[in-house]
Number of protein chains: 4
Amino acid sequence: MTDKANDRKALEGAAGVLPGVEGLAIGKRRLLEAAVVAVAERGYHGVSVRDLASDTGVQAASFYAHFGSKEELLYELCLLGHREHHRCVRDAILGAGADAREQLRAAIRANIWFHATYPLLTISANSELHALNAEHLATIADLRHDAGTLLTAVVERGNSEGVFDCPEPWLPMSAVGGMCLRVAWWFRPAVAVDEGTLSAYPRQAATWLRPEDYTIERVMDTYADYALKIFGAA
Amino acid sequence: MTDKANDRKALEGAAGVLPGVEGLAIGKRRLLEAAVVAVAERGYHGVSVRDLASDTGVQAASFYAHFGSKEELLYELCLLGHREHHRCVRDAILGAGADAREQLRAAIRANIWFHATYPLLTISANSELHALNAEHLATIADLRHDAGTLLTAVVERGNSEGVFDCPEPWLPMSAVGGMCLRVAWWFRPAVAVDEGTLSAYPRQAATWLRPEDYTIERVMDTYADYALKIFGAA
Amino acid sequence: MTDKANDRKALEGAAGVLPGVEGLAIGKRRLLEAAVVAVAERGYHGVSVRDLASDTGVQAASFYAHFGSKEELLYELCLLGHREHHRCVRDAILGAGADAREQLRAAIRANIWFHATYPLLTISANSELHALNAEHLATIADLRHDAGTLLTAVVERGNSEGVFDCPEPWLPMSAVGGMCLRVAWWFRPAVAVDEGTLSAYPRQAATWLRPEDYTIERVMDTYADYALKIFGAA
Amino acid sequence: MTDKANDRKALEGAAGVLPGVEGLAIGKRRLLEAAVVAVAERGYHGVSVRDLASDTGVQAASFYAHFGSKEELLYELCLLGHREHHRCVRDAILGAGADAREQLRAAIRANIWFHATYPLLTISANSELHALNAEHLATIADLRHDAGTLLTAVVERGNSEGVFDCPEPWLPMSAVGGMCLRVAWWFRPAVAVDEGTLSAYPRQAATWLRPEDYTIERVMDTYADYALKIFGAA
DNA sequence: CATGAATGAGCCTTCATTCAT
DNA sequence: CATGAATGAAGGCTCATTCAT
């Protein structure tokens, strides 16, 4: 393989790590993909604009043709992560029929599917909020709140219909939320393992990887069972 | 309140956020306390040596009378976090009697007690490992491995004695581990709330705080119940 | 004279102190010229990047648009000094005819011409090698070795043809080498004296200056005679 | 050999590099010896007070029990170097009889003996004058001037007696001075080579070392012959 | 004497960002 | 769009020096 091909491979090594970027200009998309890889591994302040430009094969100044500032890039990443995650969970619940247990199961499965498929985005969009400015942080906080209300509604309906048994839903929700969120820190999607592009993923997390044991489906099913137990499903 | 009193208050505002620092020189201890507060909020690369010195009331150069480098400070923080956590869980298991269920319950309770009492240390020691150098990272990785073996032993013994039902323990352990770890991101110890020193804690997490509802005891009990369910306790 | 004119004068005060810099970008060239002046006077470690930037009229950060590091600047200076010196001596020998005595005389004359015309470069490129990294030092050492072989060849040929009388050439070569090298520490080119830009030259050396007495030609001739005597020329 | 013995060896590794330090307090003497080694290799600004303290086995603060400042240490080194050198050459001339040729020969021999026996002191006391403050520099400049007058007198007397032929003595003196001074950069005393303490000497110079070929005596004789030729001795 | 901790200035270098080309 | 050069601020760290112990 020529050097040039090698370079191209490197630049495209992060393709697929982000959902919902098909419509974006290629330059902007590559910067976002490089960013989610680097930020998930080293944190927002551990990544420089020069790093991202270098990973994308351009000069640092070109960064500003696509983003007004470094913070704005992070904001777009957080926005993307929260929006796609919300859409994913919402669609799952709405398509799950009327039984609250089935709705909960669908929500947990979708939640895990997202975290396991886009772990770098999950990490970045949840761990680096401190670096957003006040206005952007407020917008993201609103998104998080909205996402919570939907699942709360499912649980409350399940309670009132008698299929769940958790009069005070906040504690079980925190447990299930933490359990599902954490998947992003140890699961790596099969595509990363199969195609050998695992290098795009933080090395630290790689030590936790168990690709030979668990498919996404398996984790989704198992965790959904745990969640139903925690909510005291009938 | 005079300015001087105000300053002293500020410098001591972080007292109590770290376990096992009683024997340390006061200057070193204050730097560690300032660091765990700042790092938990903004990440390792978001905190400068000048920040820490300023929070401690000394010049940046004085930092190097206590630590060989900024990375070494992080290493000491990670070491402290992992060692104290391990000691805490180990002592709980060893003092819990012979029943595997009681051992598991004690382990989960201790785990949560630690994360809820020292959330900033938990966050720092678990989220910033990427900033350690290779040698230090290896040492911490060893510590993490050792910590895992103890709980694994409890679960396997519970399985062979028929009081647990989880032939493949890795998945439930990941779920319970994630659930308990995440407590550090939303729970804030009562002392922080009562004494108004909440400012020492990351603002972002404050939005999740539910101090009026849950004591540490309550969370420990509830999560232990969840864990026993997940492990299929008889 | 206006301040502006004064500033421009200051910035250009070092023009002419370096050979072979015509093709370089102006910013890089000025930094090299400022560096050779400052390093010859105060030594590599006595000169800061801020000093050089200030002498050149730019910010310290701009230095790194032209050089990867301070050490790299020194390396370029050493490379320049050794290459130009070697070229100078080599061309003189090759253009001197077949008589070994004429070749030696030409070599000594060229050697002194270079040291007297570019004394600051000679000092910098010969006195600060300790500050080069291992790789760069090795490269320069190779250059020095190559430069020595040419003169050795002249002496050996003179010996075998019976026009020189020094069976063990190393000792006379060390004497002549030291004698010629040292010229850079006391001779200052006439241009420096006439145009009053002597301030570009180290003050210490200025106490040795004898510009009213000796032209470069005079020193070249006299030292060449000394050298021929030392080598026992027929 | 025990570690302790090893350390002591290291601390004493520089013994003998300085003349005239027998009467000094041991702490001060060791600092001077460590300094001449380090300064000759890396230059005044390349050596820190901490370096010297560390080489001597004490803390940096202890340095100030012996010297008022770092500059004062350099001054003492320069003073030592120039005084001992002057005494050495003067005694040689005065003990050489009435013949100007014998006086010159003795002066050159003494000069080289000093540079070859204390090369690190020669380098330090001649290359780092720029780092002295104005007052100290003036004192040293006076010393240098005095040293020159003695040799000038010898040459002038030789001229008027008809045994030398150099009506304008400055140029031959510059040549001989440079030739002799430079010995300090390539000759290393046999003691250093024999006892394996060569590590106390700058590495760069070591590449020039020819210990197997030349004794000090040999260099003294040979260079004295060169000098007599240069001065046109009858 | 020796020390550990402290200091303010300064070190080399990188930061995010701008702008003329 | 992309770039190379520039900028002022800030980064981690070392400097020579001081001082109470």
Side-chain angles (χ1 to χ4, degrees), chain A residues 25-28 31 44-53 56-74 131, chain B residues 25-28 31 44-53 56-74 131, chain C residues 25-28 31 44-53 56-74 131, chain D residues 25-28 31 44-53 56-74 131:
Chain A
I26 186 65
K28 183 165 190 170
L31 280 169
Y44 176 77
H45 288 117
V47 177
S48 73
V49 170
R50 272 173 171 80
D51 288 339
L52 300 179
T56 316
V58 296
Q59 294 295 116
S62 301
F63 176 91
Y64 294 90
H66 302 291
F67 299 94
S69 70
K70 189 187 168 195
E71 190 263 358
E72 199 176 273
L73 160 67
L74 176 63
Chain B
I26 186 65
K28 184 165 190 169
L31 282 169
Y44 176 78
H45 288 117
V47 177
S48 74
V49 170
R50 278 172 174 83
D51 288 340
L52 299 179
T56 315
V58 296
Q59 293 291 118
S62 301
F63 177 92
Y64 294 90
H66 302 289
F67 299 95
S69 69
K70 190 189 167 195
E71 191 264 355
E72 200 175 273
L73 160 67
L74 175 63
Chain C
I26 185 65
K28 183 166 190 169
L31 281 169
Y44 176 78
H45 288 118
V47 177
S48 74
V49 170
R50 278 172 174 83
D51 289 339
L52 300 178
T56 316
V58 297
Q59 292 292 118
S62 301
F63 176 92
Y64 293 91
H66 301 289
F67 299 95
S69 69
K70 190 189 168 194
E71 189 266 353
E72 199 175 274
L73 161 66
L74 175 63
Chain D
I26 185 66
K28 183 165 189 169
L31 281 168
Y44 176 77
H45 288 117
V47 177
S48 73
V49 170
R50 272 172 171 79
D51 289 339
L52 300 179
T56 315
V58 296
Q59 293 296 117
S62 301
F63 176 92
Y64 293 90
H66 301 290
F67 298 95
S69 69
K70 189 189 167 194
E71 190 265 356
E72 199 175 275
L73 160 66
L74 176 63

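To find a chain, count down the sequence lines: A is the first, B the second, and so on, and within it residues start at 1.
Of all non-hydrogen atoms in B/R50 and B/A60, the two that sit nearest each other are CG-CB, 3.8 Å. Taking all atoms of both residues into account, the shortest heavy-atom contact from A/L52 to A/L73 is CD1-CD2, 3.4 Å.
Under the ring-ring contact (aromatic ring centres under 6.0 Å, His included) criterion, B/Y44 pairs with no residue at all, not counting sequence neighbours. Take B/K70 and apply the salt bridge (Lys or Arg N to Asp or Glu O under 4.0 Å) test, not counting sequence neighbours, and it matches no residue. With sequence neighbours excluded, the residues satisfying side-chain hydrogen bond (donor to acceptor under 3.5 Å, both in side chains) with A/E71 are A/N133, A/H136. Scored by the side-chain hydrogen bond (donor to acceptor under 3.5 Å, both in side chains) test, B/S48 finds B/D51 as partners (sequence neighbours excluded).
Rounded to whole Å, atom P of E/dC11 lies 11 Å from atom CG of C/L52. Straight-line distance from the CD atom of C/E72 to the P atom of E/dC12: 15 Å, rounded to whole Å. Rounded to a whole Å, the NZ atom of A/K28 is 13 Å from the P atom of F/dA2. Atom CG of C/L73 and atom C1' of E/dT13 are 15 Å apart (whole Å). E/dC12 atom P lies 13 Å from atom CG of C/L74, rounded to whole Å.
Comparing B/H66 and D/A65 by the nucleotide of DNA chain E that holds the closest heavy atom to each, the one mapping nearer the 5' end is D/A65.
Stem list for DNA chain E (at least 3 consecutive Watson-Crick or G-U pairs, distances under 3.5 Å): E:2-21 with F:2-21.
Residues D/V49 and D/Y64 are in side-chain contact: their nearest non-hydrogen atoms beyond the backbone lie under 4.5 Å apart. Between A/T56 and A/F63 the shortest side-chain heavy-atom distance does not fall below 4.5 Å.
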Contact pattern, 5' to 3', of nucleotides 14-21 of chain F - B, S or - by protein heavy atom under 4.0 Å:
BSBBBB--
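Residue contacts shown for B/Q59 include a base, since a base heavy atom lies under 4.0 Å away.
Between the CG atom in A/L74 and the CD atom in A/E72 there is a gap of 11.0 Å [rounded to 0.5 Å].
Considering only side-chain N and O atoms, A/S62 lies under 4.0 angstrom from the phosphate OP1 or OP2 of F/dT3.
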